[in-house]
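Before any comments, here is the structure.
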Amino acid sequence: MTKENKIDRRKFLKVSTAGIFSSIVLNQMAPLLANISSSGRDVALTSGEFLKSIPTICDLCPAHCGVLGFIQNDFLAGIQGNPAHPNNNGKICARGIAGMNLVHDPQRLLYPLKRDGKRGQGHWKRISWNEALSEIRSHFSEMSEDDKFIFQCKDHHLTDYTANQLQQIGNPVFLSTEADKNANKRFAQKITFGNDSFIADVKNSRYILLFGANPFESHEDFINLSQRLIQAKIDNGAKIITIDPRLSNTAGKSDDWLPLKPGTDAIVALSMANVIIQEQLHDAEFINRWTNISVPSLKNYLAQFPVQKAAEESSMPEDKIREIAIEFATDKPAVAIPGNGISNHVNGLQNVRAVLLLNAVIGAIDIKGGLCLPRNTFDLDQPADSFVNSHDYFRSIAERKEKVHAYISFRANPAFEEPDYQKIIEVLGNTASIPYHIAITNVMSETAALADLILPTTIYPEQQRVEHKTSLDLQNYLAIAKPVVAAQGECKSIEEILNQLTGNRNQNFEDITKNLTSRVPRFSGRRHWMELQKNGIWMDPPEIAQYETYKNRGFNTPSRRFEIDSSYLRSKGLFSLPQYIANNEHIELKKDELILIPYATNVMTEDLGNSKWLAEISHGNAALINPRTARSLRLRHGSKVMIESTTGKLEMHVRITPAIHPDAIAIAKGFGHWEYGKVAQAKKFKSQDPDSELIWWEKLAHGENPNVLVEASADPVSGGQSWKDTKVTVKKV
């Protein structure tokens, strides 16, 4: 036994006793725990009584998990997952649970505020809603038909209903930083198979390739996808391979992690497809019948991507590329999932198209365990799809190419979340560029601090809506969000605010919901309505998943086929096959130059900084650097460095770890707030919440925001921001 593995008798007895005690307690509580997990109930800690639960929908990320809010004396006492929800199946993440913190945040904005002094000076006075709405109506009444105003939000916060209400006010331009992150992937999928999204049926897969996808940490399907990956490993013995420059949580839970040079994913995927065809492991029938290219033509094209060339470009071992290519083609059903890690590049469109091609080569399209198409969804209110690139639009305003009458930010914080955000701050602070700024928010964010008028809004446990989706098990469903608690203070939902501005005050939630659900073919009668109200969910039969749906109508593309050879790109005079576009700036890096990778953690995000539970778990960041790189720069663990790009600089400590590619430097996002509240800034303060004086990490640095370093550039075709392409210099301080 090694020294590290030794355990003395005292420790052994402590561990054993704790284990025995835990077993006794768990055995005694087993019936109660089973009851809670099956019915989605919670118990009051003081009285032992079951609490009333109300179904709703978490909106803190695009996954929109079903949750239950638990009420004790009209107080939000807890949040759990809704066991009836077909996507998250009763599981939720720490963020969803911490929704309680947002509701009860002692620094939450609860009343309308008007700027009292110069913009950005931080002087405010409280006004009434009538005063606020009257001022807004007065300002918008001065607009001509040609005048524009901006409405910016997270893309999953903008529904058709909201968009229609805004269009009654004037001529809106919709911006979303979130859309900038997803644009390359969505566009690649749209022009390839006719839908901007897909469903990875990983629950039924045996081999799963993740190209820059990170469902255990940050993904549009987050908990929903990660639990199915676990299920695939348990039920199918599935092998999970993650290809990513950083050892993410997902990579750490994979069977193999293959780090590669950032932005070289396309050549790896294309060389794998080449191996598969050369070894005659491809699905000739699918390629010839359902794509718009023949096997001989595809084989001839892919021959220019040999494994040796891919290894040189990506720094991945040749034998590994060949090995996973053959395993992917033989250990079926298999699926390759492209994530934002490969799409957030200037060549993001082609990176994603190369991975989609890899799926098509083995016929893994819309089959059990493969990359499936979205099913027929109901004709209901849904997120609008009309966003423009936010940073480009702000740049046009700064250059006087665009003129706007007003700017409305709805729970959006571009002054913190955008690349090169200093330029955004300059635009928002300039009354000539943004004559009038209305911030609809629950917190004094960096963007709200630059507003003229602040309107307090509701948090998801206070909101109501109905939505439809296709679950990751390929079933359509309706989900309802009901208010768990009354809106705090004078907070109003975005729908209520816009209804009052447009004069549609008589519309109530139940009437709107019944009107929407009346469009669902198999949803009818009191029984279905009561089921939706009680469980928060109504499932659309049939319950058996259908596959190969394209055989009925073809793909939703001009050719009705899976377009490996894109007709859209060809019509624009562009090269139409998936290709590898090298980033020339990354080919020859100098000794002190690295590629910046900003990344999201599974706890903290850029808009949750004032959650006390999440901030206690994760309240700072360091720059991750490979040991080989650290040696060349003469850095030690904890060394302070200056990181500089063309847009800004950061001084921070480094963490030396083999969990990052030698050519890259990784910095977690969501830290470094200078507004947003004292929890986000790691400062103790007195309030009605005694925890606010217990911020034990106050003397620790509360982190830095890597977005100040990120250069604003986009894929030239699809327009998505290249978040992971910025070249930085690193010097020891």
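Nothing here was measured: the structure is a model prediction, and the numbers come from that model. Below, each value reflects all heavy atoms present in this structure, side chains not excepted, and no hydrogens, waters or symmetry copies.
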### Message
Lys368: which residues meet the side-chain contact (heavy atoms from CB on, under 4.5 Å) condition with it, sequence neighbours left out?
### Response
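For Lys368 the side-chain contact (heavy atoms from CB on, under 4.5 Å) partners, ignoring immediate neighbours, are Asp201, Asn204, Tyr547.
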Below 4.5 Å, heavy atoms only, C-beta onward: do [X] and [Y] meet side chain to side chain?
X      : Y      : result
Lys482 : Gln464 : no
Leu569 : Gln350 : yes
Asn195 : Gln189 : no
Val388 : Phe174 : no
Gln227 : Ile223 : yes
Phe211 : Asp244 : no
Ser566 : Arg353 : yes
Asn224 : Cys65  : yes

Flag the pair [X] and [Y] as a salt bridge only when some basic side-chain nitrogen lies within less than 4.0 angstrom of an acidic carboxylate oxygen.
X      : Y      : answer
Asp331 : Arg206 : yes
Lys181 : Glu606 : yes
Glu462 : Lys492 : no
Arg228 : Asp221 : no

### Task
Begin with the C-alpha distance, continue with both residues' side-chain angles, and end with the deciding distance and a verdict on side chain to side chain contact (heavy atoms under 4.5 Å, CB included) for Glu327 and Lys239.
CA-CA 10 Å; Glu327 288 179 349; Lys239 189 171 184 178; 3.2 Å; yes
What is the minimum heavy-atom distance between [X] and [Y], and which atoms define it?
X      : Y      : value
Ile208 : Ala232 : CD1-CB, 4.2 Å
Ser226 : Pro215 : CB-O, 3.7 Å
Ala213 : His219 : CB-CD2, 4.4 Å
Ile564 : Pro578 : O-CD, 3.2 Å
Leu371 : Ala336 : CD1-O, 4.1 Å
Leu158 : Cys153 : CB-SG, 3.6 Å

Side chains of [X] and [Y] only: does a donor on one sit below 3.5 Å from an acceptor on the other?
X      : Y      : answer
Asn101 : Ser611 : yes
Asn182 : Asn340 : yes
Asn499 : Glu496 : no
Thr457 : Asn442 : no

Check: [X] side chain, [Y] main-chain N or O, donor-acceptor pair, under 3.5 Å:
X      : Y      : value
Asn82  : Val67  : no
Gln152 : Ile150 : no
Asp366 : Cys372 : no
Asn184 : Gly720 : yes
Asn87  : Gly66  : no
Asn249 : Glu217 : no
Ser471 : Gln475 : yes
Asp715 : Val717 : yes
Asp540 : Tyr477 : no
Ser254 : Thr250 : yes

### Message
Counting only heavy atoms not in Asn552 (residues, nucleotides, ligands), do more than 12 fall under 6.0 Å from its CG?
### Response
yes
#### Entry: Axial cation check for Phe216 ring with Lys253, 6.0 Å and 45° limits
yes
### Query
Taking the six-membered ring of Trp529, is the NZ or CZ of Lys534 close enough (under 6.0 Å from the centre) and on axis enough (within 45°)?
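No, cation not above the ring by the 6.0 Å, 45° rule.
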### Message
So, applying side chain to side chain contact (heavy atoms under 4.5 Å, CB included) with Thr192, which one of Phe198, Phe562, Phe187 is it?
### Response
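It is Phe562, the one option of Phe198, Phe562, Phe187 that forms the side chain to side chain contact (heavy atoms under 4.5 Å, CB included) with Thr192.
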To the nearest 0.5 Å, what is the distance between [atom1] ([X]) and [atom2] ([Y])?
X      : Y      : atom1 : atom2 : value
Ser343 : Leu349 : OG    : CG    : 10.0 Å
Leu358 : Ile276 : CG    : CD1   : 5.0 Å
Arg186 : Glu220 : CZ    : CD    : 7.5 Å
Ile57  : Ile537 : CD1   : CD1   : 7.0 Å
Ile342 : Leu210 : CD1   : CG    : 10.5 Å
Arg527 : Met530 : CZ    : CE    : 12.0 Å

### Query
Considering residues at least two apart in sequence or located in another chain, which fulfil the ring-ring contact (aromatic ring centres under 6.0 Å, His included) criterion with Tyr460?
none
### Query
Is there a salt bridge (Lys or Arg N to Asp or Glu O under 4.0 Å) between Asp59 and Arg411 once you walk through the steps?
CA-CA 12 Å; Asp59 78 342; Arg411 294 175 62 185; 3.2 Å; yes
## Note on the structure
From the list His528, His85, His468, ring-ring contact (aromatic ring centres under 6.0 Å, His included) partner of Trp538 resolves to His528
### Task
Take Val202 and Val335 through the test side chain to side chain contact (heavy atoms under 4.5 Å, CB included) and record every step on the way to the result.
CA-CA 7 Å; Val202 297; Val335 62; 4.1 Å; yes
### Task
Apply side chain to side chain contact (heavy atoms under 4.5 Å, CB included) to the pair Gln721 and Asn344, showing each step before the final yes or no.
CA-CA 6 Å; Gln721 166 63 31; Asn344 289 167; over 6 Å; no
### Task
Kindly assign one of parallel, tilted or perpendicular to the pair Phe151 and Phe410, based on the angle between their ring planes and the thresholds 30° and 60°.
parallel
### Task
Can you label the angle between the Tyr550 ring and the Phe555 ring as parallel, tilted or perpendicular, going by 30° and 60°?
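Aromatic pair Tyr550/Phe555 classed parallel.
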### Message
Show every salt bridge (charged side-chain N to carboxylate O under 4.0 Å, His left out) that has at least one partner inside residues 554-564, sequence neighbours left out.
### Response
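For residues 554-564: none.
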### Query
Given the rule in the side chain to side chain contact (heavy atoms under 4.5 Å, CB included) test, do Arg95 and Val603 qualify, once you have shown the distances and angles that lead to the verdict?
CA-CA 6 Å; Arg95 301 178 203 167; Val603 176; 5.9 Å; no
#### Entry: Criterion salt bridge (Lys or Arg N to Asp or Glu O under 4.0 Å) on Asp235 and Lys203, from CA distance to verdict
CA-CA 8 Å; Asp235 295 345; Lys203 183 179 73 173; over 6 Å; no
